[in-house]
Amino acid sequence: MHMTKLLSPAKSKVLFLGNEAIARGALEAGVSVATGYPGTPSSEVIESLARVAQERNLYVEWSVNEKVALEVAAAASFAGLRSMAVMKQNGVNVASDFLLHLTASGTRGGIVLVSCEDPGALSSVNEGESRYFAGMLEMPLLEPADFQEAKDMTKWAFELSEAIGNVVMLRSVTRMSHASGNVVCGKFPAKTRKAAFEYGGPIMDSQTGPMISTPVVAKHLLRRQKLKAVCALFEKSPFNRYTGPARPDLLLITASACWLYAVEAVEMLGLQKRVGILKLGTTWPLPPRLVSGHLRKAGKILIVEEVMAFLEENVKVLAAGDPKLSGGKTFFGKYDGTLPFAGELNPDIVADALAKIFRMKRGSLPSSYLEEARKTAALLPPREQTFCAGCPHRASFWSIHNAIALDGREGFVCGDIGCYSMAALTPANGYWTMPTLHSMGSGTGLASGFAKLSPFGFQKPVLTVCGDSTFYHAVIPALINAQHNRADITFIVLDNQGTAMTGFQPHPGIEVNALKESVPAVDIASICRAIGARVALCDPFDLAATGAALTDFLAEKGSLKVLILRQACALSPEKKGKKTFEMKVDEDLCLGDACGCNRLCTRIFRCPALVWDRKKKKAAIDEVVCAGCGVCASICPRKAIIKMQKTVL
Amino acid sequence: MRKKRSSQSRLKKDVLEKSLCTGCGACVGLCPYQAVYKDRTVQLFDCDLPDGKCRAFCPRTPSDLPLLRESLFDASDATDEIGPVKEYWLTRAKDEGLRSRAQHGGTVTALLGLAMSEGWIDAAIVSGRLDGREPEGLLIDRAEELADYAQSRFWAAPTVAAFHRAPESGAGRLGIVATPCQAIALAKIRTAKIDGYRKGGSLSLVIGLFCGWTLALDRFQNLLEKYQLSASALTGMDIPAGKNVLELRTAGGSANVPMDEVDSCVREACRCCVDSTAEFADLSVGAARFGANPEEMRGWNQVIVRSGAGQKLVSLARQRGVLEFREAPPPALVELKNAAAEKKKKALVRIIAKSRSPKNLLYLNPDDPVVRKYLK
Ligand SMILES: Cc1cc2nc3c(=O)[nH]c(=O)nc-3n(C[C@H](O)[C@H](O)[C@H](O)COP(=O)(O)OP(=O)(O)OC[C@H]3O[C@@H](n4cnc5c(N)ncnc54)[C@H](O)[C@@H]3O)c2cc1C
Ligand code: SF4
Ligand code: SF4
Ligand code: SF4
Ligand code: SF4
């Protein structure tokens with residue numbers, strides 16, 4: 001009943017996921033266009049808006065990548081509508097080239113860039129920070145610290161954007177986006193806006209002139225002026241709050257989910273009377289009078305934030321420039337080593353930092369608390385990183401491994417971002433074939449580069465993989481580069497027919513969009529053929545055909561070869577819970593750990609549904625886990641794994 | 001207790017990494033861990049078992065060759081140069097049609113056909129065709145199809161792997177065509193005492209081929225490219241007596257490649273091989289080359305009959321008129337032995353160059369009297 005939940009009446013108190021609170025805030029602001037590219041922890045914002053698109057008359061889109069998402073949202077802003085673009089932290093890097101120019105041209109209708117970030121890289125391969133973009137590109141930055149704020153701040157972000165004629169960034173983190181809390185709902189706007197784009201006015205008139213970044217210097221000065229207005233608003237913002245004694249021994253400055261950790265840490269150590277907490281919701285530009293005022297109260301200042309020292313740096317710059325601040329302040333944070341520069345924070349880490357500053361023994365912590373913490377830690381399931389049962393990627397990497405081994409020239413795979421990244425994160429999953437992993441699309445770019453190293457003595461064959469969604473996102477330019485520069489690479493599309501890793505959002509290869517409308521699918525094979533590559537298509541579950549296609553491609557020298565391995569994800573809605581085959585192991589045939597097999601299925605192939613029965617010394621199928629893909633039947637040397645076609649009633 | 005090193009890793013270190021692998025296929029088809037691609041033997045995944053069949057059957061791991069000779073042949077037939085000899089003949093197939101499709105006299109194909117039609121074997125394992133996608137061994141159970149697989153491919157074909165893959169029941173008694181290294185592997189398989197392994201017993205007939213060397217496929221393909229040829233276009237290949245060239249035949253004609261160019265393509269493992277006559281087969285067949293002028297010998301085979309089973313088959317072939325026989329001219333056997341002794345000496349020099357010690361002969365045992373004789 002998500003639909004009704006997001007549309008709950010004003011004044012009702014609703015339990016929202018952080019990302020739903022952001023979506024609700026956007027609805028209350030009267031957003032018309034919402035775009036995004038799927039990426040944990042951001043995806044639920046767009047997903048939940050898509051569900052109410054009809055009722056609220058929204059246009060919601062999964063764009064091909066984050067840059068295009070921001071461009072699509074910006075067009076709506078130029079036309080006077082309110083819009084938002086939602087992405088995960090590294091998505092802001094993708095969007096940043098456009099963003100640089102967008103903050104220069106300015107905007108019209110309120111436009112909010114939502115970045116949901118992942119300190120500690122719980123579901124990312126980076127700990128990227130987008131807060132610096134706010135400073136670098138001079139756009140206001142807001143960071144909610146609880147769920148009510150997530151909703152209220154989002155709504156206000158649109159108003160702020162409209163007030164200053166520029167894009168506003170709202171930053172959330174995993175612990176905010178994916179946790180839930182109660183939110184009191186506000187009203188939806190009564191009026192809807194009409195889109196209109198005017199551009200005939202004077203060049204410096206941001207409401208009627210052309211939307212361009214030139215004259216650069218004049219527009220830049222204009223943007224600086226807008227920031228003055230922002231500061232003035234931030235000085236009075238209710239999102240910045242101080243709690244604690246009038247003259248604390250230590251002023252703790254924090255923002256975002258770290259505020260919760262700080263409050264808890266202060267309580268844990270019983271320091272409520274000695275530590276004051278300044279929680280900032282408007283973190284760039286910092287409101288100078290507000291911050292200076294609080295800095296004056298204490299001699300010691302601790303800045304609590306995750307990953308980079310963005311807040312710390314800005315506070316220090318502000319303090320250094322304030323003549324009224326008497327010297328002798330001691331700053332604690334990341335630069336002095338009180339807090340780590342990497343990873344997530346939690347109340348325990350913050351308490352450690354406080355204990356260090358106050359020279360308290362952490363042993364003096366209430367033991368019940370430690371006990372509690374230990375219990376929670378034990379509850380977290382150990383995350384065994386492996387491809388699911390029936391995952392087409394396991395079959396693909398099996399064939400890739402074997403083809404590379406047969407070819408014998410020590411070929412390797414340049415990896416990319418998707419579920420198949422697991423082949424690099426836990427090398428046994430990719431059968432030790434995939435040694436590189438960077439940003440979306442970079443596998444193909446790297447492969448294209450490796451392939452040009454033969455004049456320098458590099459003779460290994462180069463392969464690269466990408467998912468179907470990644471293909472559209474960022475691979476195409478690299479692929480064209482490879483073809484045009486005659487890079488001899490074997491490019492493999494692991495086409496599992498959806499953006500599986502982030503929850504099956506549609507992408508341009510699929511005939512349905514975020515709004516469940518039918519749309520034209522853009523065919524990967526046709527694109528590859530059109531650029532002149534040799535293209536083959538295989539079912540990765542057909543190990544023999546896939547293996548032969550790969551060895552042929554590896555042996556063929558001098559050109560770009562494309563192999564599309566198409567098989568839907570085992571968890572995809574059309575497959576989930578439906579087995580193609582019932583599987584069983586014939587124990588009489590199974591060689592187990594004897595010479596002739598040595599547990600190939602459970603020791604090397606390692607589908608989680610294949611289990612080793614220690615007592616019987618035979619392999620067995622865990623029927624609950626098995627997805628019935630049947631692949632293991634083709635790897636067993638004794639044909640001991642038997643697949644039985646399910647009889648369809 | 002120190003864990004015993006795995007058979008597979010020893011195979012890798014002692015055979016594959018020393019370039020001693022002949023591509024015979026004896027370690028392939030037993031399990032999922034070894035495979036052959038083109039003519040290379042590849043280990044796909046690690047296996048940690050000790051005492052595995054891969055190492056036990058490989059002709060290039062240390063073997064007790066005197067014991068193999070003793071268990072398979074009559075001691076009285078032994079020769080140092082060419083192994084056991086019961087009989088020595090020049091033969092060719094009676095069937096002219098077969099002769100025209102065969103490498104030399106068609107003796108091999110005729111004998112396999114006879115064994116099959118007599119019901120001595122249920123199926124034969126031969127090498128895949130010249131124009132096949134990749135070198136391979138094939139199980140043929142219809143005598144009339146055998147001629148399709150006649151002729152020699154001068155590169156390694158993993159016929160022993162095809163033996164391992166042949167179903168244990170069904171085609172019970174098998175015949176197989178084997179190069180000398182394959183014949184050693186098959187002898188190890190026939191005499192193996194491994195718990196639960198009985199398949200060696202289904203090997204009823206091993207017809208050995210004389211063999212000077214095989215060519216490494218990748219280098220040979222490069223050579224072919226130089227002559228604007230491709231392996232799949234070849235219809236035949238031979239080394240005509242006395243000409244010192246490799247003759248390559250295609251539908252469009254033939255090319256003669258000078259032997260020194262061919263020599264650069266010879267598989268390294270073959271340079272370390274001491275056997276030129278498949279000393280461990282039931283009978284061995286080569287081109288008739290010695291004791292008369294080449295024209296007179298063209299289209300004939302020389303045959304060494306080594307075991308009782310070989311003898312029975314050859315005499316049946318005489319009875320049924322499947323083969324035509326000629327007495328070998330007296331110098332033939334002497335010349336053959338001299339040539340075989342030459343190969344042994346050269347190989348031992350090469351082996352010592354690799355191991356850097358006459359006491360370490362890699363897969364050979366310096367105490368084997370036959371080996372010792374040629375160590376000079
Ligand atoms: C690599 C190689 C090197 C040889 N070197 C010599 C030599 O130096 N001196 C000499 O006298 N004879 C040599 N021979 C043997 C010779 O070429 C003939 O095979 C032999 O004379 C038998 O002739 P045939 O007419 O009876 O054979 P055919 O009746 O034509 O039958 C030949 C049989 O050999 C099998 N075969 C072909 N290629 C291979 C292979 N690579 N591995 C295993 N089986 C194969 C075929 O499947 C067929 O069954 C060599 C053979 C090979 C394969
Ligand atoms: S691969 Fe086959 S023979 Fe080997 S353990 Fe698994 S089921 Fe048994
Ligand atoms: S059929 Fe085999 S490979 Fe597929 S899910 Fe079941 S156990 Fe795993
Ligand atoms: S033959 Fe046996 S020991 Fe050798 S690799 Fe195969 S399973 Fe392992
Ligand atoms: S010589 Fe034969 S058994 Fe030995 S490693 Fe090579 S292919 Fe395997």
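Throughout, a chain's letter reflects where its sequence line sits, starting with A, and its residues are numbered from 1.
Atom OG of B/Ser152 sits about 8.5 Å away from atom CG of B/Leu130, to the nearest 0.5 Å.
Looking at B/Tyr197, there are no atoms closer than 4.5 Å to chain A (heavy atoms on both sides), in backbone or side chain. Both the backbone and the side chain of B/Leu49 have a heavy atom closer than 4.5 Å to some heavy atom of chain A. For B/Asp46, the part lying near chain A is the backbone, with the side chain staying farther off; criterion is any non-hydrogen pair under 4.5 Å. Neither the backbone nor the side chain of B/Arg165 comes within less than 4.5 Å of any heavy atom of chain A. For chain B, the nearby parts of A/Leu600 are the backbone and the side chain; heavy atoms of each come within less than 4.5 Å. In this structure, the portion of A/Arg599 lying under 4.5 Å from any heavy atom of chain B is its backbone and not its side chain.
A salt bridge between B/Arg133 and A/Asp552 is present, with a side-chain N of the basic residue lying under 4.0 Å from a carboxylate O of the acidic one.
With respect to chain B, the highest number of heavy-atom pairs below 4.5 Å among A/Gly596, A/Pro637, A/Ala405 belongs to A/Gly596. Note on B/Ile194, B/Asp48, B/Asp51: by heavy-atom pairs under 4.5 Å with chain A, the leading option is B/Asp48. Among A/Leu591, A/Ile604, A/Leu406, A/Asp593, the residue with the largest count of heavy-atom pairs under 4.5 Å with chain B is A/Leu406. Looking only at heavy-atom pairs under 4.5 Å with chain A, the residue among B/Gly29, B/Gly52, B/Gly196, B/Cys47 that has the most is B/Cys47.
Ring orientation note: the planes of A/Phe412 and A/Phe458 are nearly perpendicular, at an angle over 60° on the 30°/60° scale.
No side-chain N or O of A/Gln459 forms a donor-acceptor pair with one of A/Glu410 less than 3.5 Å apart. Between the side chains of B/Asn365 and B/Asp64, no donor-acceptor pair of N or O atoms lies under 3.5 Å.
In this structure, A/Arg409 places its CZ atom where more than 12 heavy-atom neighbours from other residues, nucleotides or ligands lie under 6.0 Å away. Counting non-hydrogen atoms of neighbouring residues, nucleotides and ligands closer than 6.0 angstrom, the NZ atom of A/Lys584 reaches no more than 12 such neighbours.
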